[in-house]
Amino acid sequence: MNALIDAVRAYTHAPVTDNTFIERITATAAASVEQICGVREIPEAVLTDAVVAWADNLYAKRGQYADITDYGGTGGGYAARAARDPRTLVMPILQPFLGIPIA
């Protein structure tokens with residue numbers, strides 16, 4: 001887990017003061033990716049990329065109201081959705097290893 005935490009911290013450029021938050025979102029991201037993958041054999045590098053993408057999305061949501069942020073300053077910039085459902089970023093990474101879903 002420490003390697004994942006270090007990877008998330010490096011990817012997000014999080015300050016040292018965010019250590020507790022980084023640890024929490026990394027654990028959440030790892031559990032979420034594990035839930036999607038189940039018992040499938042997925043390369044470690046792919047899992048790491050998926051966890052980092054999920055955790056980065058959670059980090060981006062921090063301090064935003066409904067995933068909306070104001071770029072360019074208070075009231076003078078434009079609003080944009082910086083974060084979205086983490087699965088939007090993670091599923092293309094994992095899909096080649098998940099197989100075809102059967103209904």
Side-chain angles (χ1 to χ4, degrees):
M1 181 61 96
N2 287 337
L4 281 175
I5 292 169
D6 291 340
V8 170
R9 186 179 294 114
Y11 191 83
T12 59
H13 303 288
V16 177
T17 55
D18 284 348
N19 280 346
T20 303
F21 184 68
I22 291 294
E23 290 171 7
R24 192 176 79 215
I25 64 173
T26 302
T28 300
S32 299
V33 169
E34 183 179 313
Q35 179 68 28
I36 291 170
C37 296
V39 296
R40 295 174 187 91
E41 293 290 326
I42 298 178
E44 194 66 32
V46 173
L47 289 173
T48 297
D49 288 348
V51 169
V52 168
W54 195 297
D56 180 55
N57 183 272
L58 295 176
Y59 189 78
K61 287 183 177 186
R62 187 178 190 186
Q64 295 179 9
Y65 174 74
D67 298 342
I68 303 295
T69 190
D70 182 19
Y71 291 102
T74 306
Y78 59 92
R81 183 174 297 276
R84 56 184 175 245
D85 183 345
R87 290 173 294 202
T88 303
L89 304 169
V90 172
M91 290 310 290
I93 297 170
L94 296 175
Q95 195 59 52
F97 304 95
L98 296 180
I100 300 171
I102 304 295

query = Nearest heavy-atom pair of Ala29 and Ala55: which atoms, and what distance?
reply = CB-N, 3.7 Å
request  = Report the residues that fulfil salt bridge (charged side-chain N to carboxylate O under 4.0 Å, His left out) with Arg87, sequence neighbours left out, ordered by chain and then residue number.
outcome  = Asp85
ask   = Which heavy atom in Ala30 sits nearest to a heavy atom in Leu4, and how many Å separate them?
value = CB-CD1, 4.3 Å
For Cys37 against Ile42, the heavy-atom pair lying closest together = SG-CD1, 3.3 Å
Side-chain donor-acceptor contacts of residues 11-18 below 3.5 Å, not counting sequence neighbours, with atom names and distances?
residue	atom	partner	partner atom	Å
Thr12	OG1	Val8	O	2.9
Thr12	OG1	Arg9	O	3.4
Thr12	OG1	Ala14	N	3.4
Asp18	OD1	Arg62	NH1	2.8
Asp18	OD2	Tyr59	OH	2.7
Asp18	OD2	Arg62	NH1	3.2

ask   = Can you find a pair of side-chain heavy atoms, one from Ile5 and one from Asn2, that are under 4.5 Å apart?
value = yes
request  = Look up atom CG in Asp6 and atom OG1 in Thr48, then write down how far apart they are to the nearest 0.5 Å.
outcome  = 11.5 Å
ask   = Are Val52 and Leu89 in one and the same hydrophobic cluster, where Ile, Leu, Val, Met, Phe, Trp and Tyr link if side-chain heavy atoms are under 4.5 Å apart?
value = no
key: Reported CD-to-OG1 distance for the pair Glu23 and Thr28, which is rounded to 0.5 angstrom   = 12.0 Å
Extract all donor-acceptor atom pairs below 3.5 Å that involve side chains of residues 91-100 and protein atoms in other chains or at least two apart in sequence.
residue	atom	partner	partner atom	Å
Gln95	NE2	Gly99	O	3.2

inquiry  = To the nearest 0.5 Å, what is the distance between CG on Leu58 and OG on Ser32?
reply    = 7.5 Å
